[in-house]
Amino acid sequence: MQLTGSQIIAEVLLEQGTDTIFGYPGGTVLNIYDELYKYQDRISHVTTAHEQGATHAADGYARSTGKTGVVLVTSGPGATNAVTGIATAYMDSIPMVVITGNVSCDLIGKDSFQEVYTEGISFPITKHSFAVRKVENLADNLRDAFRIAKSGRPGPVLVDVPKDITAQKCEFVSKAAEAARTKNLYTQDQIKEAAALVNNARKPLVYYGGGVVSADASEILYDLVHKANLPSCHTIMSSGVLSYSDPLNIGIVGMHGTVSAGLAVKNCDLLLAVGARFSDRVATDVSKFANGAKIVHIDIDPSEINKNVQIDVGIIGNMHDVLNDLLPLVKPAEHNQWMDQINIWQEELDYKPEDSDEVIKPHQLFSVLEKVTDSNTIIATDVGQHQMWASQYCGRTKPRSFLTSGGLGTMGYGYGAAIGAKIGNPDSRVIHITGDGSFHMNLNELCTTVSYELPVITIVLNNSVLGMVRQWQTKFYEKRYSCTSLERKTDFVKVAEAFGGTAYRASTISEFEKALEMALENKNGPTVIDCIIDKDESVFPMIPAGKSIDDVMLA
């Protein structure tokens, strides 16, 4: 049948199982939006306040559901506004398809109104970019975009569609969605070698990351860890894969990880790295990271093997497939002496913050939050001190319940992600954790949660400074607080109310408990809780950049 380009886009979205997209209309995508009006009973469109918010929302939707997020924006500034969100998804391997409009083909290259070279701009931050120049290619380009986004190591794919292509017609034949392609490059000999190393280790340690979540391999990792009693540490991207209360989960590893996890890495004789990439925030000094251990690295992406840390056995393949082959070959074990040593480190060396009744201490705030929310609650954070406190104390028990920008470190990520998570998980409570610096970057999305009556709770850890950067200035720049002591006069309570939301302010833990109780009862829209904390409150432990666990700071 003959369909216009806009109709083809809508039909392919339906083929791919898309029921929700996030975006912002504009001139070059008017034909697409006109068609979406006719498809609104089958495809829901969420209009955000800004294109960056749309990409973060699609990202949060994808992280929390396991589906591919879809974004639609116009050309020029619409596309460039989406760049930060695309890069955020790229760095954290999040499947996303971004459809951008462009000027008509005859205007391309003429500096036309709202024209930019979107394909070129997006090339370094996508798995692939398609520039559609014939309507006959549109359907297959879109189908390929969805397949590529989910295949192998997931990530964003961009499809740039000129306006005239959306109006032109061609023959369209519907096709079933193609499954993601996974190419396992490992051999059974490698699996046997890895199993032998695990079985012969006296001091084994598992280090797992976001790749476990992407592959939906959390349950099988749990089975492996518990079969052989393997102590495990993790990145912030994999919070919840093992419950924070699991005795084999010794916590986050890296710059702000637990001391016990850092010492376990230093002293282990085998490190089993599963879906993690040895980033500089984890392997802060690569020359001293597990340098006395045999290292087995399991990853879907061949480029990650030996990229940051030299390893002994590299297994390239889908995480679920690899662990499924490895599990039967790993023997039950106890490792009592090793676990006893780790328990001693946990008791004697792990950082234990002090409580207070007079001011809000971050660890107490998250303790309250954990007590009054269930395991289905999804937490989305921005970036900074609050992000680290959340990752340290949030007590997650399930994968896909902690959404944060780990690779790019995007301030402003959290509110959009919370919106996407709530849209994708309407029965789950969604909590947005932010700081006053990050919230200033994305509070415009309050209008989105109000308009769609989304009961997202925002908790602002407000210290009136750019806390993480200021912390570094305190420790390494002799307290020269250049441009970080902002002392802005923003009243977040009034701002939230002006948008049409509900808001409270808290200066003590008891005040926060009362505000949170009222926020949890609000089912009709967003709530903001402005929590006043001390500007000198710091994140500990802290390993300085380029240093090792030997240089950890606890005060």
Side-chain angles (χ1 to χ4, degrees), residues 184 186-235 238-253 257-258 260-276 290 292-300 311-347 350 375 395-399:
N184 290 328
Y186 65 91
T187 66
Q188 289 305 310
D189 286 341
Q190 290 175 315
I191 297 293
K192 291 176 183 177
E193 184 180 3
L197 288 171
V198 174
N199 292 334
N200 293 326
R202 293 184 301 108
K203 298 184 291 183
L205 181 68
V206 174
Y207 152 53
Y208 60 91
V212 177
V213 180
S214 296
D216 290 322
S218 300
E219 290 186 8
I220 196 165
L221 178 67
Y222 176 94
D223 291 342
L224 176 69
V225 164
H226 283 265
K227 180 180 181 180
N229 279 293
L230 303 173
S232 305
C233 58
H234 63 93
T235 68
S238 52
S239 296
V241 166
L242 294 182
S243 171
Y244 274 47
S245 61
D246 191 319
L248 290 175
N249 180 1
I250 62 175
I252 296 165
V253 64
T258 64
S260 55
L263 290 173
V265 170
K266 178 182 178 181
N267 290 279
C268 68
D269 60 8
L270 173 73
L271 184 70
L272 180 62
V274 185
K294 294 284 187 181
I295 300 178
V296 178
H297 189 187
I298 305 170
D299 205 281
I300 189 68
I311 55 97
D312 297 282
V313 180
I315 300 177
I316 302 167
N318 177 273
M319 206 64 51
H320 198 280
D321 295 342
V322 174
L323 295 178
N324 196 53
D325 286 346
L326 184 62
L327 180 61
L329 301 182
V330 170
K331 299 175 182 178
E334 294 298 331
H335 305 117
N336 290 330
Q337 188 174 356
W338 177 226
M339 283 303 304
D340 288 344
Q341 177 61 73
I342 291 173
N343 290 335
I344 290 171
W345 289 332
Q346 288 177 315
E347 181 62 31
D350 275 354
S375 61
R396 297 293 79 205
T397 61
K398 290 183 177 181

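Residues take their numbers from the sequence shown, with the count starting at 1. All heavy atoms count here, side chains included; hydrogens, waters and symmetry mates do not.
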Between A276 and G209 the two heavy atoms that sit nearest each other are CB-N, 3.8 Å
Restricting to non-hydrogen atoms, name the atom on A195 and the atom on L329 that form the minimum distance, rounded to 0.1 Å. CB-CB, 3.6 Å
CG of L271 to NZ of K266, rounded to nearest 0.5 Å, is 15.5 Å
Tell me whether the centres of the aromatic rings in H234 and Y244 are closer together than 6.0 Å. yes
Rounding to 0.5 Å, atoms CD1 (I191) and CG (L323) come to a distance of 8.5 Å
Distance-only, no hydrogens or angles: does the T258 side chain make a donor-acceptor pair with backbone N or O of G251 under 3.5 Å? no
side-chain contact (heavy atoms from CB on, under 4.5 Å) partner of L270, chosen from N199, V296, L205: V296
Any sub-3.5 Å donor-acceptor pair from K398's side-chain atoms to S375's backbone N or O? no
S238, S218, C233 screened by side-chain contact (heavy atoms from CB on, under 4.5 Å) with Y208, the one that passes: S238
Flag yes if more than 12 heavy atoms outside K192 fall under 6.0 Å of its NZ atom; otherwise flag no. no
So do the side chains of W345 and I250 get within less than 4.5 Å of each other, counting heavy atoms only? no
Keeping N184 on the side-chain end and N318 on the backbone end, is there a donor-acceptor pair under 3.5 Å? yes
Measuring from atom CE of M319 to atom CG of D299, what distance do you get when rounded to the nearest 0.5 angstrom? 5.5 Å
Contact summary for I316 and I300, nearest pair of heavy atoms: CG2-O, 3.8 Å
Does Q190 use its side chain to pair, donor to acceptor, with the backbone of T187 at less than 3.5 Å? yes
Enter the distance from Y186:OH to I298:CD1 here, rounded to the nearest 0.5 Å. 9.5 Å
Is any side-chain heavy atom of L272 less than 4.5 Å from a side-chain heavy atom of L224? yes
Any side-chain to backbone donor/acceptor pair from N324 onto H320? Under 3.5 Å, distance only. no
Can you name the nearest heavy-atom pair linking V225 to S232, along with the distance? CG2-OG, 3.5 Å
Here the gap from Y222 atom OH to S243 atom OG, rounded to the nearest 0.5 Å, amounts to 9.0 Å
Heavy-atom distance under 4.5 Å between the side chains of L248 and L230, does that happen here? no
Does K294 reach the main-chain N or O of D312 with its side chain, forming a donor-acceptor pair under 3.5 Å? no
Sub-3.5 Å donor-acceptor pair from the side chain of D269 to the main-chain atoms of R202, do we have one? yes
Among V253, I344, D350, which residue satisfies the side-chain contact (heavy atoms from CB on, under 4.5 Å) criterion with S260? D350
Looking only at heavy atoms, the pair that brings Q188 and D325 closest together is NE2-OD2, 3.2 Å
Mind checking whether Y207 and V265 have side chains closer than 4.5 Å, heavy atoms only? no
So, taking the atom named NE2 in H226 and the one named CG in L242, what distance separates them when rounded to the nearest 0.5 Å? 6.0 Å
